[in-house]
**Student:** 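I'd like to ask some things about the structure below.
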Number of protein chains: 2
Amino acid sequence: MREVSLKSLSRQLGLTEGTVSRALNGYADISAKTRERVRDAADRLGYEPNSAARRLALGNAECIAYVMPWQSTHIADPFLGELLDGISAVLSERRWDLSVAAPRSQEEEVATIERIAKAGRANGIVISRTLGHDPRVETMRAMKIPFITHGRTTNSDDHAWLDVDNFEAARFATAHLIGLGHTRIAHIHGPLRYNFAAERLKGYRHALTEAGLATDPALEAASETTLETGYTAMRTLLDIADRPTAVVCVADMVAIGAMKAIREAGLVPGREISVIGYDGIPMGEHTHPALTTMAQPLRSAGSQLAWMLMAVIAGDDPASQQQIIPADLVRRQTDSPPIRNA
Amino acid sequence: MREVSLKSLSRQLGLTEGTVSRALNGYADISAKTRERVRDAADRLGYEPNSAARRLALGNAECIAYVMPWQSTHIADPFLGELLDGISAVLSERRWDLSVAAPRSQEEEVATIERIAKAGRANGIVISRTLGHDPRVETMRAMKIPFITHGRTTNSDDHAWLDVDNFEAARFATAHLIGLGHTRIAHIHGPLRYNFAAERLKGYRHALTEAGLATDPALEAASETTLETGYTAMRTLLDIADRPTAVVCVADMVAIGAMKAIREAGLVPGREISVIGYDGIPMGEHTHPALTTMAQPLRSAGSQLAWMLMAVIAGDDPASQQQIIPADLVRRQTDSPPIRNA
DNA sequence: CTTGATTCCGAAAGCGCTTTCGGAATAGCG
DNA sequence: CGCTATTCCGAAAGCGCTTTCGGAATCAAG
């Protein structure tokens with residue numbers, strides 16, 4: 001199997017490389033007849049332009065890069081596949097590539113981004129799990145490379161992003177519990193350097209205040225977005241004197257961990273203590289009892305991100321590519337009015 | 001921020017591009033002094049060679065591609081992150097790229113591989129979830145592009161692969177249950193086109209035969225590798241006349257689904273019916289009761305695959321890059337002797 | 001001091017493709 | 001039929017880097 005190049009193709013057709021190239025790329029100065037002839041031959045021989053050569057000549061990487069967050073907790077992210085799938089779907093339409101980098105520290109994250117930008121490896125970058133103040137965003141800004149973030153930062157007026165309305169989601173979930181009659185509502189929040197975690201905490205507090213309830217530091221417990229840390233966070237919440245009758249969790253996995261702690265305390269989630277998760281992972285339908293949660297449409301996030309980034313690359317104002325998606329309450333079995341004697 | 005190129009760098013140093021290039025690449029015909037001088041300047045200015053140009057000149061993509069399996073069930077794979085992380089880890093040492101493609105059908109899978117090979121986009125390809133007879137393997141063979149598969153095929157003597165000893169793992173799990181005294185042991189298997197599923201089924205049957213027990217088609221139920229299908233498979237197993245007292249499942253998610261069905265039938269997993277999963281996902285520690293499973297070290301699979309593929313790319317005989325990893329029984333709470341009156 | 005071996009760098013070609021430019025062949029017009 | 005406007009393709013430059021080759025300068029040896 002000899003590599004079929006532009007040279008061999010053109011020689012076989014009795015044309016110049018330039019002509020064949022223009023025919024393939026649909027230039028108007030090639031007659032319809034020869035264009036057909038060239039395309040047929042290309043298909044037949046399975047010609048595919050060498051990507052490095054094309055990229056060099058075009059000065060275009062035809063590639064976007066996804067830089068994974070380095071935190072190890074993120075590695076088990078079940079959404080990664082969907083995200084990549086979504087991005088890849090829109091890229092493949094234009095035959096662009098998706099390159100994935102997995103930095104191993106925060107410094108490497110920044111270094112990776114710099115290298116991608118300087119080497120012209122990609123036309124744009126997408127990152128997720130933004131921090132309130134995110135050094136990655138700073139370097140991408142400095143590098144002047146198009147980018148989009150999955151999640152806002154505290155200062156993201158001028159760049160492209162796709163985010164869930166975290167504040168509103170947490171506020172809504174909390175208000176829902178208040179509506180059910182709860183007054184002692186706890187919150188297990190994520191690491192507050194993550195903007196989504198900080199926003200959800202704010203939303204939670206806002207709902208309390210809004211309803212005339214006092215916020216209580218004892219009712220706020222920290223966790224990572226893992227089952228284990230959700231479990232331990234819930235245990236501390238169970239130990240306090242005036243035990244909460246409900247808890248809103250920063251993530252479904254955290255909620256599942258919390259449910260485990262609740263069961264171990266001899267209580268049942270959704271009766272003595274209501275639990276609301278966040279994410280809408282499939283597993284939530286199958287927990288015992290089934291988890292009530294704030295679900296967000298993740299399936300489309302990847303393609304959405306890709307579309308928006310492509311627009312920025314095409315020259316659109318990044319500030320015009322900002323989109324907020326709502327999260328919906330999915331009521332299952334872990335939310336109910338508080339029990340009188342609890 | 002003007003892109004710093006070889007030209008601008010060399011001009012600034014009063015040297016030729018060729019000289020600078022050789023200095024940077026450690027050629028011996030450059031004096032130590034100028035080499036230092038060049039490297040300093042390069043670091044200072046943040047020079048990074050343009051990747052397209054480098055690749056073209058080198059005739060080397062410095063990149064390997066991971067082609068995701070197209071099955072949607074796989075998209076929620078929690079291991080994807082670890083896999084990519086592992087691959088990326090070894091690639092980044094050599095400053096290679098990892099490119100990810102997500103085909104949307106079986107035809108596209110093959111087409112994607114062909115395009116990668118023809119366009120010289122990557123030096124090698126890794127795929128996972130191999131089928132017994134896998135068209136992807138055929139095309140990679142035909143394209144003569146180095147590749148490695150995560151999982152064997154029925155005919156994989158001549159290519160590189162990394163695989164778990166599926167047969168032995170299933171045999172061992174089944175034998176373990178037999179050792180506990182079970183005689184009615186069911187198996188929920190995965191889609192048999194997947195080689196791992198077929199192998200595990202074989203191992204299960206072998207263990208029975210080995211112990212002088214008869215295999216019973218009624219005790220073999222099919223599922224995907226999802227919680228839902230595991231649930232429904234278990235329900236059919238619960239309905240048969242002479243109910244099994246134990247079940248070995250093709251995957252942990254399947255086992256979790258099976259446990260749900262068992263609980264719904266008013267039985268408790270690990271008492272009336274023993275359950276053994278496969279994979280060793282973190283969630284298994286937190287199910288209720290905790291899931292006994294055959295665990296495999298997945299964390300290192302990615303880097304292992306990458307190392308081996310690199311060796312093949314470097315010219316090693318693919319047949320020399322084959323590795324089998326064992327799965328270990330992790331006993332938790334769902335395996336126990338059968339109950340007398342069950 | 002001459003010759004030959006080294007050391008070190010400049011010059012130039014080339015990787016495979018795209019694109020601009022100019023000119024030969026054809027068509028359109030009076 | 002001659003002239004200008006079009007149509008279509010060939011020629012050539014260039015994308016930014018690597019690498020081979022040759023030659024000037026330096027060195028050691030005679």
Side-chain angles (χ1 to χ4, degrees), chain A residues 2-39 41-42 45-63 95-97 115-123, chain B residues 2-39 41-42 45-63 95 97 115 117-123:
Chain A
R2 207 61 265 118
E3 283 294 320
V4 33
S5 65
L6 205 50
K7 190 195 293 191
S8 66
L9 220 196
S10 58
R11 197 143 25 88
Q12 201 154 138
L13 285 165
L15 295 169
T16 4
E17 300 182 29
T19 304
V20 174
S21 172
R22 274 169 300 157
L24 256 20
N25 291 324
Y27 275 63
D29 68 341
I30 301 293
S31 72
K33 198 174 55 180
T34 61
R35 184 163 26 208
E36 266 322 296
R37 200 162 66 92
V38 170
R39 286 198 170 145
L45 299 179
Y47 169 72
E48 193 74 29
N50 176 284
S51 76
R54 183 177 161 85
R55 286 168 183 184
L56 178 57
L58 245 27
N60 182 332
E62 295 191 328
C63 173
R95 307 214 146 179
W96 281 33
D97 272 1
R115 227 165 333 105
I116 290 173
K118 286 181 187 163
R121 264 200 238 284
N123 296 10
Chain B
R2 209 58 264 119
E3 283 293 319
V4 36
S5 65
L6 205 50
K7 190 196 292 191
S8 66
L9 220 195
S10 59
R11 198 142 26 88
Q12 200 154 136
L13 285 164
L15 295 170
T16 7
E17 300 181 28
T19 304
V20 174
S21 171
R22 273 170 301 158
L24 257 19
N25 292 323
Y27 274 63
D29 68 341
I30 301 294
S31 73
K33 198 174 54 179
T34 61
R35 182 160 30 207
E36 265 323 294
R37 199 163 65 92
V38 169
R39 288 198 169 145
L45 301 179
Y47 169 72
E48 194 73 28
N50 176 284
S51 76
R54 184 177 159 85
R55 287 169 182 183
L56 178 57
L58 245 28
N60 183 333
E62 294 190 329
C63 172
R95 308 214 144 180
D97 273 1
R115 224 160 342 101
K118 286 181 188 163
R121 265 201 238 284
N123 296 10

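Chain identifiers are assigned alphabetically (A, B, ...) following the order of the sequence lines, protein sequences preceding nucleic acid strands; residue numbering begins at 1 within each chain.
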**Student:** Which is it for Leu15(A) and Arg37(A) under the side-chain contact (heavy atoms from CB on, under 4.5 Å) test, yes or no, and what are the steps along the way?
**Tutor:** CA-CA 11 Å; Leu15(A) 295 169; Arg37(A) 200 162 66 92; 3.8 Å; yes
**Student:** Provide, to the nearest angstrom, the distance between the CZ atom belonging to Arg11(A) and the P atom belonging to dG10(D).
**Tutor:** 15 Å
**Student:** Whole angstroms only, please: what is the CG-P distance between Asn60(B) and dG14(C)?
**Tutor:**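 In whole Å, dG14(C) P and Asn60(B) CG are 21 Å from each other.
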**Student:** Mind listing the residues from residues 17-29 of chain B sitting with a heavy atom below 4.0 Å of DNA chain D? Number order is fine.
**Tutor:** Glu17(B), Gly18(B), Ser21(B), Arg22(B), Asn25(B), Tyr27(B)
**Student:** For Leu6(A), which contact category applies under a 4.0 Å heavy-atom criterion: base, sugar-phosphate, or nothing?
**Tutor:** base
**Student:** Whole Å only: how far is the CG atom of Leu15(B) from the C1' atom of dA11(C)?
**Tutor:**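 So the CG-C1' distance, Leu15(B) to dA11(C), works out to 14 Å.
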**Student:** Between atom CD1 in Ile30(B) and atom C1' in dG10(C), what is the gap in whole Å?
**Tutor:** 10 Å
**Student:** Closer than 4.0 angstrom, basic N to acidic O: yes or no for Arg54(A) and Glu62(A)?
**Tutor:**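 Looking at Glu62(A) together with Arg54(A), the answer is yes, because their closest N to O distance falls below 4.0 Å.
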**Student:** Quantified as the angle between the terminal helix axes (five pairs each), what is the overall bend of the helix from dA5(C)-dT26(D) to dG30(C)-dC1(D) to 10 degrees?
**Tutor:**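 Axis-to-axis angle, ends of the helix: 60°.
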**Student:** Is Arg115(A) paired with Asp97(B) through a side-chain N to carboxylate O contact shorter than 4.0 Å?
**Tutor:** no
**Student:** Check this for me: does any side-chain nitrogen of one of Asp29(A) and Arg35(A) sit under 4.0 Å from a carboxylate oxygen of the other?
**Tutor:**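 The answer is no: the pair does not qualify as a salt bridge.
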**Student:** When the distance from CG of Asn50(B) to P of dC15(C) is rounded to whole Å, what number comes out?
**Tutor:**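 Going from CG in Asn50(B) over to P in dC15(C) covers 18 Å.
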**Student:** Atom CD of Glu62(A) to atom C1' of dT18(C): distance rounded to whole Å?
**Tutor:**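 Glu62(A) atom CD is separated from dT18(C) atom C1' by 12 Å.
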**Student:** Which part of the nucleic acid, if any, lies within reach of Leu56(B) when heavy atoms closer than 4.0 Å are counted: base, sugar-phosphate only, or nothing?
**Tutor:** base
**Student:** Is Arg54(B) close enough to dT18(D) that one of its side-chain N or O atoms is under 4.0 Å from OP1 or OP2 there?
**Tutor:** yes
**Student:** Describe the nucleic acid contact of Gly120(A) in one word from base, sugar-phosphate, nothing, applying a heavy-atom distance below 4.0 Å.
**Tutor:** nothing
**Student:** The side chain of Tyr47(A) is closest to which nucleotide in this list: dC17(D), dC9(C), dC17(C)?
**Tutor:**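 Within the option list, the nearest is dC17(C).
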**Student:** Please determine whether a side-chain nitrogen of the Lys or Arg among Glu48(B) and Arg95(B) lies less than 4.0 Å from a carboxylate oxygen of the Asp or Glu.
**Tutor:**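 Yes.
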**Student:** Of all the choices, dC17(D), dC8(C), dA11(C), which nucleotide is nearest to the side chain of Thr16(B) once you look at every atom?
**Tutor:** dA11(C)
**Student:** Is any side-chain nitrogen or oxygen of Thr34(A) closer than 4.0 Å to OP1 or OP2 of dC8(D)?
**Tutor:** no
**Student:** Would you name the heavy atoms of Ala119(B) and Pro49(A) that are closest together and state the gap between them?
**Tutor:** CB-O, 3.6 Å
**Student:** Could you tell me if the side chain of Ile30(A) sits less than 4.5 Å from the side chain of Thr19(A), heavy atoms only?
**Tutor:**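 Side chain of Thr19(A) against side chain of Ile30(A), heavy atoms only: contact under 4.5 Å found.
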**Student:** Whole-Å distance between dA13(D) P and Leu58(A) CG?
**Tutor:** 21 Å
**Student:** Give me the atom names and distance for the closest heavy-atom approach of Ser51(B) to Gly120(A).
**Tutor:** OG-O, 4.3 Å
**Student:** Are Leu45(A) and Gln12(A) side-chain neighbours, meaning at least one heavy-atom pair lies under 4.5 Å?
**Tutor:** yes
